[in-house]
A.B. asks: 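Sharing a structure, written as structure tokens. Questions coming.
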Protein chains: 2
Amino acid sequence: MSDLEVRQLRYFVAVAEELHFGRAADRLGMAQPPLSRAIRDLERQLGVTLLERTTRNVALTAAGEALLCDARTALDAVSAAEHRARNAGRPRPALRLALKADYDAGLLPGILAAFAREEAALPVELLMGNRGEQAPALRDGRADVALVWQPFDDRGIDTVPLHTESRFLAVAATDPLADKDSLYLADLSGRLLPYGSPAEEGNSSPPAGAMLFDLPQLLNLIELGEVVWFAPESVVRRHPRPGIAYRPVHDLTPSTMVVAWPRESRSPAVAAFVRTAVAVAGAAS
Amino acid sequence: MSDLEVRQLRYFVAVAEELHFGRAADRLGMAQPPLSRAIRDLERQLGVTLLERTTRNVALTAAGEALLCDARTALDAVSAAEHRARNAGRPRPALRLALKADYDAGLLPGILAAFAREEAALPVELLMGNRGEQAPALRDGRADVALVWQPFDDRGIDTVPLHTESRFLAVAATDPLADKDSLYLADLSGRLLPYGSPAEEGNSSPPAGAMLFDLPQLLNLIELGEVVWFAPESVVRRHPRPGIAYRPVHDLTPSTMVVAWPRESRSPAVAAFVRTAVAVAGAAS
DNA sequence: GGTCACTCATATCCGCAGGGTATCAATCGG
DNA sequence: CCGATTGATACCCTGCGGATATGAGTGACC
């Protein structure tokens, strides 16, 4: 009947994700035997078998699946408590805004300037991250509000759309694809980055081994013909390059940038930021 | 930089709620000195002072306020992981339905019968609780779905309205109030139960010392003239008593019963139950 | 204003939970 | 059939978290 502890949840999530006690122990920076014991004790405590294990295979039970999901959100909630308390304890707490560099559709300066004039304004701290890192940062309390492009994993997150724009295929000028004026998604099979593509599901866990790029790096790779990519119109306008061709793709849906915040947030600063962002985006369009 | 632990959060919440180390330690079933030390260590770990304390007074700082709120939800999330895993691990998991006895507006049998015919049906387990206990049960995972009367503290909870009905003042037949045909809320000042009254805020923390009643007990007390109460119409119809007078109150808003579930729930059984409940309630009205 | 009661902090001790190492046991590939 | 792999068991030991005793600051009351 004793309470579940964060450590137990961390251990279980590691094992459930790796499906391998050795690797999980490695990831946790500990030895395998105490991890095995911890999982066994956890199962005893819950009165539930979470993993079916042989010496050659580890698999989640239905209860394990359920716990994995709930444990992740619980760990996020604990992390959020920690991060928000840390921020709230600073002499002058900040509004921590997560975004992907160069992906603000040009709205950021206007939003920041307008927000600074708000009643509930706080100093704004920018958390530059790669695509897919904003939502987790909101969930675990590292950020208070974010600018994100849909689609993304919005569990536990509320959003308001700010700005919609069409996207273009960015491809090396020397690429055969650049010769066509008229493109469809089907023309690109196998050429897309595993994330940032329209086919991606909401769960944007970065695929193993995939490097994460900032925009200049990405543009370089495109110019070299290593990758192709869908560029929002605002990026096209702000980063023209002779070595890169931007081509419309007919069946590519436009992309929407939203302002996002943790659903349970009741911070007046966040509310003011959202209001400001919507107003600025509305005035700009 | 080490992780926050559940124990630390529990300790902090106890102190923050009691604002008294001795009483908090008492509530936690431990001695005061280790609790003081734990809080001090927590503050060191976060690098934040959570409580301003003198030997005569303990008060929350802003950071403490923030942490109290986030810690509560984090503790709920951990509890939810535990309870849901326990349920999912049973040979035949149940759909756990929380409600207040006798407050189903007569819809319960129909809903249960229809739900049993559903594809995704599970055995239903009823969690009878007092008013205000349903929402916490959803948040901490003891229940999967609930029937509740608005208003209630719906943080983290999604709802769909099922049924709206007007309420009547229930008062002893011998009470002077029973003589009036025409009543207003103003006539009742000071006569209301602290909960179940329309003046209550969403936070239905049961006031210290208030006993919680089941319906027969409550009706007894009303008959004895100890209390007055607002009875939903369906209760009036199903529990007529000679000793109790039911009187309309003109400025008393009708009350709505909703089906409620944790916002992040993605259980097909819950979805099916909600669908069924809406259908049955719609057909009944 | 001195004393008492109250309450939070400090000092010190102790048991055990939780981690490490060594080893066993089961299973699959060749 | 043997070896490699991998999870489980056995055992030890350190440090964390709890208890008790005591100190120290502060408001209340005579």
Side-chain angles (χ1 to χ4, degrees), chain A residues 1-61 63-64 67-68 71 75 78 82, chain B residues 1-61 63-65 67-68 71 74-75 78 82:
Chain A
M1 288 299 151
S2 108
D3 257 333
L4 232 44
E5 274 297 334
V6 166
R7 186 177 38 78
Q8 301 178 283
L9 294 179
R10 276 210 330 273
Y11 289 4
F12 172 73
V13 169
V15 174
E17 285 178 354
E18 301 284 346
L19 291 177
H20 189 289
F21 281 76
R23 280 196 299 274
D26 210 19
R27 184 171 122 186
L28 293 166
M30 66 186 293
Q32 169 261 319
L35 177 58
S36 283
R37 196 181 51 179
I39 298 293
R40 174 175 54 76
D41 292 347
L42 173 62
E43 290 180 321
R44 294 243 172 99
Q45 188 175 329
L46 293 175
V48 164
T49 57
L50 300 168
L51 299 155
E52 291 302 343
R53 36 204 188 279
T54 68
T55 56
R56 308 300 289 180
N57 193 26
V58 176
L60 281 170
T61 65
L67 182 60
L68 176 57
L75 289 177
V78 173
E82 173 172 350
Chain B
M1 290 307 137
S2 103
D3 257 333
L4 232 46
E5 274 299 333
V6 167
R7 187 177 34 79
Q8 301 178 284
L9 294 179
R10 277 211 329 274
Y11 289 3
F12 173 72
V13 169
V15 174
E17 285 178 355
E18 300 285 346
L19 291 179
H20 189 287
F21 281 77
R23 278 195 301 273
D26 209 20
R27 184 171 123 186
L28 293 166
M30 65 186 293
Q32 168 261 319
L35 178 59
S36 283
R37 195 181 53 177
I39 299 293
R40 174 174 54 78
D41 293 348
L42 174 61
E43 290 180 320
R44 295 242 172 100
Q45 187 175 329
L46 293 175
V48 164
T49 58
L50 300 167
L51 299 155
E52 291 300 345
R53 34 204 189 280
T54 69
T55 56
R56 308 301 286 180
N57 192 26
V58 176
L60 282 169
T61 64
E65 294 275 6
L67 182 59
L68 176 57
L75 289 176
V78 172
E82 174 171 351

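Labels below follow one simple rule: chain letters A, B, ... track the order of the sequence lines, proteins then strands, and each chain is numbered from 1.
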A.B. asks: Grab the CD-P distance between B/Glu5 and D/dG17 for me, whole Å please.
C.D. replies: 9 Å

A.B. asks: For residues B/Leu51 and B/Thr61, determine if any side-chain heavy atom of one lies less than 4.5 Å from a side-chain heavy atom of the other.
C.D. replies: no

A.B. asks: So, the side chain of B/Gln8 versus the backbone of B/Glu5: is there a donor-acceptor pair under 3.5 Å, distance only?
C.D. replies: yes

A.B. asks: How many whole angstroms separate atom OH of A/Tyr11 from atom P of C/dA17?
C.D. replies: 15 Å

A.B. asks: Base contacts versus sugar-phosphate-only contacts with protein, heavy atoms under 4.0 Å: please encode nucleotides 2-16 of chain D as B, S and - from 5' to 3'.
C.D. replies: ---BBBBB-B-----

A.B. asks: Quick one: is the NZ or CZ of A/Arg10 closer than 6.0 Å to the six-membered ring centre of A/Phe12, and within 45° of its axis?
C.D. replies: no

A.B. asks: Can you measure B/Asp41 atom CG to C/dA9 atom P for me and round it to whole angstrom units?
C.D. replies: 12 Å

A.B. asks: Do A/Asp3 and B/Glu82 touch side chain to side chain, with heavy atoms closer than 4.5 Å?
C.D. replies: yes

A.B. asks: Would you indicate whether the side-chain heavy atoms of B/Arg53 and B/Ile39 approach each other to under 4.5 Å?
C.D. replies: yes

A.B. asks: Roughly, in whole Å, what's the span from CG in A/Leu35 to P in C/dT21?
C.D. replies: 14 Å

A.B. asks: Side chains of A/Asn57 and A/Glu52: closer than 4.5 Å at any heavy-atom pair?
C.D. replies: no

